[in-house]
Every structure is written in structure tokens, then in C-alpha cells.
Protein chains: 2
Amino acid sequence: MKPDALRGHLDALLLATLDGRQLHGYAIIEALQQGSGGALDLPTGTVYPALRRLERAGHVTSDWSTVGGRKRRTYRLTQAGQRALQAERSAWREFTTVIDGVLGGGGKWAQT
Amino acid sequence: MKPDALRGHLDALLLATLDGRQLHGYAIIEALQQGSGGALDLPTGTVYPALRRLERAGHVTSDWSTVGGRKRRTYRLTQAGQRALQAERSAWREFTTVIDGVLGGGGKWAQT
DNA sequence: CGTTCATAAGTAGCTGCCCTACATATAGCG
DNA sequence: CGCTATATGTAGGGCAGCTACTTATGAACG
């Protein structure tokens, strides 16, 4: 999968990954890897700044902890993040519906 | 729909719109508008440069014509463009499958 | 005849997301 | 001691798509 296809959908992925559980950044990357069957291998330079963005936006909050001598910043959704996730999900559904319509029915098969 | 969601999928839309017919730029914009039920309203500053890109890439070719005193540059798919369209379609399918999987099953419902 | 709207194509410049590459630190293994 | 895995982060860049503007013709309206 070409990497820049994610453009504009990364927030949805991160919010969905944090839905119903709290994870630290590194674990989020692994969760996305496994949850996508290996298709998504996001670099830290993509995920960490994105999490900061989401925190600034009030969609997630974070707490520091130390596990086995290593510092972790554990993220969890806020209520606003929950709402944002719902909005992202419906936006995604609308988006795919539109693109599917054009890719499948926008060409010569368009029998109005 | 947020505008930058298109990132990386615009080529697919343009190729699909030209599949089986030839259209000039302005008509492509209108076709996308109608084909998407009004959801896609791409500005000329997005579409025209994208068409030039596709032409440079060899996916489309263009011919000038004059209709009613107005100059039109009419585009049509090349064979490479046809192949590119097929590739874009399958890439789109893969992409949606991955994202759908994460948005729907990447959270607390992930019962491995 | 002048203004405005629809048609038609295009460029210049900006923004911002995501990527590449690098820096930092600890624990465990050999 | 070096290497790998774990864990977080920044700096800088590329480029796609957007905003705003320019150019040009034909038709309609007064």
C-alpha cells in the first residue's frame, strides 16, 4: 500500500486503536500492525507527532508511567475523542461510499 | 467531507471518470460532481494540474478542439492509463479493507 | 453597448500531513 | 562491550491538493 494513502485518515486509525483500551505509543504501532495484518507499519515519526496533535486537540490524554525501567506515555480517549471517533467513522463511511460510487459507477456504467 | 481526505485517491477518481469516454477538464469536474451526488466539488486548481500530471505520466492523452468558440482540451485514457486504473481500483479495495478492519475490529472487539 | 454569468483552462503560492533520518535512553543477552 | 528490543521524541523535506487569481469567449440582460 502506498504510504501517503493514509493522508487524512491517520487520526481515525489512532482513535479507533485507543477505543476501549489505553495504550502507549509503541504499543499503538504494534496494535495497528497486527490489527491490519501487517499492512500498516507506521514509523514513530508519524505516530508520535500525531498523538501529540490529538492531545492538543483534546481527543486523547496521556499519563506517564515507568514499566521495567522504561518510561511510557499511556494514551486514552477523552469524551471528546469518543465523539471524534464516531465522527471519523461516519466520515469514513461517507468517504468510501462516494469513492466507491465513482470508481464503480462513475464511468461508462453510469445509467442515470 | 474534509477536502484532504482525497490525498492519494484523486488519480483514481480522474482515471475512473475517463473510463470508457473522453471528456475535457471542465466536464470531468461536473461529472465528478454528479457522479458523487454533489459530494465532490473539486476546484480547477486541483483538477487541471492533476490532469497534466497524469498526462506526463502517460496515463492520459489530450487533444485540443474548439466548440462554440471555446477551446477544449479533451482527455482520454491510454492503455497504460487503463492498467493504472485497474491498479488503482485494487489498491482502493485493499486500502478500504485495511482501514475498515482497524476502524471496525481494531478496538475492544478484537477477539483474536 | 456594457455588465454579468456560464463556460473553459491555467498558474503561483501556501499549508500541512506524513515520511525519512536522526537522537536519546534503558534492559537483556551473549 | 556490542547488539537487539523497547520506548519516545525532533528536525527537515516533499509533494499533493487548496486558495486565489488570471485570461478568454459566448450568451443574456438592460
Side-chain angles (χ1 to χ4, degrees), chain A residues 1-15 17 22-34 39-57 59-60 62-75 88 91 95 98-99, chain B residues 1-15 17 22-34 36 39-57 59-75 88 91 95 98-99:
Chain A
M1 178 161 57
K2 55 182 160 189
D4 50 328
L6 287 183
R7 285 267 176 180
H9 308 288
L10 179 60
D11 288 5
L13 293 179
L14 295 177
L15 294 175
T17 304
Q22 33 186 355
L23 296 171
H24 57 285
Y26 197 86
I28 291 175
I29 293 175
E30 290 182 321
L32 280 171
Q33 243 170 29
Q34 289 160 14
L40 291 174
D41 190 15
L42 303 182
T44 65
T46 293
V47 173
Y48 288 124
L51 288 169
R52 306 300 224 78
R53 255 203 321 274
L54 288 175
E55 188 164 26
R56 270 202 308 278
H59 294 335
V60 301
S62 63
D63 295 294
W64 283 100
S65 60
T66 302
V67 177
R70 289 188 188 93
K71 285 183 178 174
R72 287 177 175 174
R73 177 182 276 206
T74 301
Y75 291 91
E88 291 280 3
F95 175 67
V98 168
I99 306 297
Chain B
M1 179 161 53
K2 57 182 161 190
D4 49 328
L6 286 182
R7 281 272 174 176
H9 309 289
L10 179 60
D11 289 5
L13 293 178
L14 295 177
L15 294 175
T17 304
Q22 32 186 354
L23 295 171
H24 57 285
Y26 197 85
I28 291 176
I29 293 174
E30 290 182 321
L32 280 171
Q33 243 170 30
Q34 289 160 13
S36 66
L40 291 174
D41 190 14
L42 304 182
T44 65
T46 292
V47 173
Y48 289 125
L51 288 170
R52 306 300 225 78
R53 257 204 318 274
L54 288 175
E55 188 165 27
R56 271 203 308 278
H59 294 335
V60 301
T61 45
S62 63
D63 296 295
W64 283 101
S65 60
T66 303
V67 177
R70 290 188 186 93
K71 286 184 178 175
R72 288 177 175 174
R73 177 181 278 208
T74 302
Y75 291 91
E88 291 279 5
F95 174 67
V98 168
I99 306 297

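To find a chain, count down the sequence lines: A is the first, B the second, and so on, and within it residues start at 1.
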The reported gap from CZ in B:Arg73 to CD in B:Glu55 (rounded to nearest 0.5 angstrom) is 5.5 Å
Could you give me the CA-CA distance, side-chain angles and deciding distance for B:Ile28 and B:Leu51, then say whether side-chain contact (heavy atoms from CB on, under 4.5 Å) is met? CA-CA 10 Å; B:Ile28 291 176; B:Leu51 288 170; 4.0 Å; yes
note: B:Leu54, atom CG; D:dA16, atom P; distance rounded to Å ~ 11 Å
Note: contacts of residues 61-73 of chain B with DNA chain D (heavy atom, under 4.0 Å) are B:Gly68, B:Gly69, B:Arg70
Among the nucleotides D:dG9, D:dA16, C:dT11, whichever has the atom closest to the side chain of B:Pro49 is C:dT11
Taken to the nearest whole Å, CG/B:Leu6 to C1'/D:dC18 is 11 Å
Taking for B:Thr46 and for A:His24 the nucleotide of DNA chain D with the nearest heavy atom, the one nearer the 5' end belongs to A:His24
Review point. With sugar-phosphate meaning primed atoms plus P, OP1 and OP2, does A:Gly25 contact a base, only sugar-phosphate, or nothing at under 4.0 Å between heavy atoms?
Key: sugar-phosphate
Taken to the nearest whole Å, OH/A:Tyr26 to P/C:dA27 is 16 Å
Between CG of B:Leu23 and C1' of C:dA9 the distance, given in whole Å, is 15 Å
Atom CG of B:Leu14 and atom P of C:dA9 are separated, to the nearest Å, by 13 Å
message = If the cut-off is 4.0 Å, is A:Arg52 near the phosphate of D:dT10, judged by side-chain N/O to OP1 or OP2?
response = yes
To the nearest angstrom, the CG-P distance between B:Asp41 and D:dG17 comes to 16 Å
Rounded to whole Å, the CZ-P distance (B:Arg7 to D:dC15) equals 11 Å
Picking from D:dA20, C:dT20, D:dT8, the nucleotide nearest the side-chain atoms of B:Thr44 would be D:dA20
Looking only at D:dT6, D:dC18, D:dT8, the nucleotide nearest the A:Glu30 side chain is D:dT6
On a heavy-atom basis, the closest approach of A:Ile29 and A:Leu42 is CG2-O, 3.6 Å
Atom CG of B:Leu40 and atom P of D:dG17 are separated, to the nearest Å, by 12 Å
Test side-chain contact (heavy atoms from CB on, under 4.5 Å), reference B:Arg72, set B:Leu23, B:Asp63, B:Val67, output is B:Val67
Looking only at heavy atoms, the pair that brings B:Arg53 and B:Asp11 closest together is NH2-OD1, 4.3 Å
Query - Side-chain N,O (A:Arg53) to OP1/OP2 (C:dC18) below 4.0 Å - result: yes
Ranking A:His9 and B:Gly45 by the position along DNA chain C of their nearest nucleotide, the one closer to 5' is B:Gly45
Value for CG (A:Leu32) from CD (A:Glu30), rounded to nearest 0.5 Å, stands at 10.5 Å
The ring-ring contact (aromatic ring centres under 6.0 Å, His included) partners of A:His9 (sequence neighbours excluded) come to A:Trp92, A:Phe95, B:Phe95
- Item | Side-chain N or O of A:Tyr48 closer than 4.0 Å to phosphate OP1/OP2 of D:dG9 | no
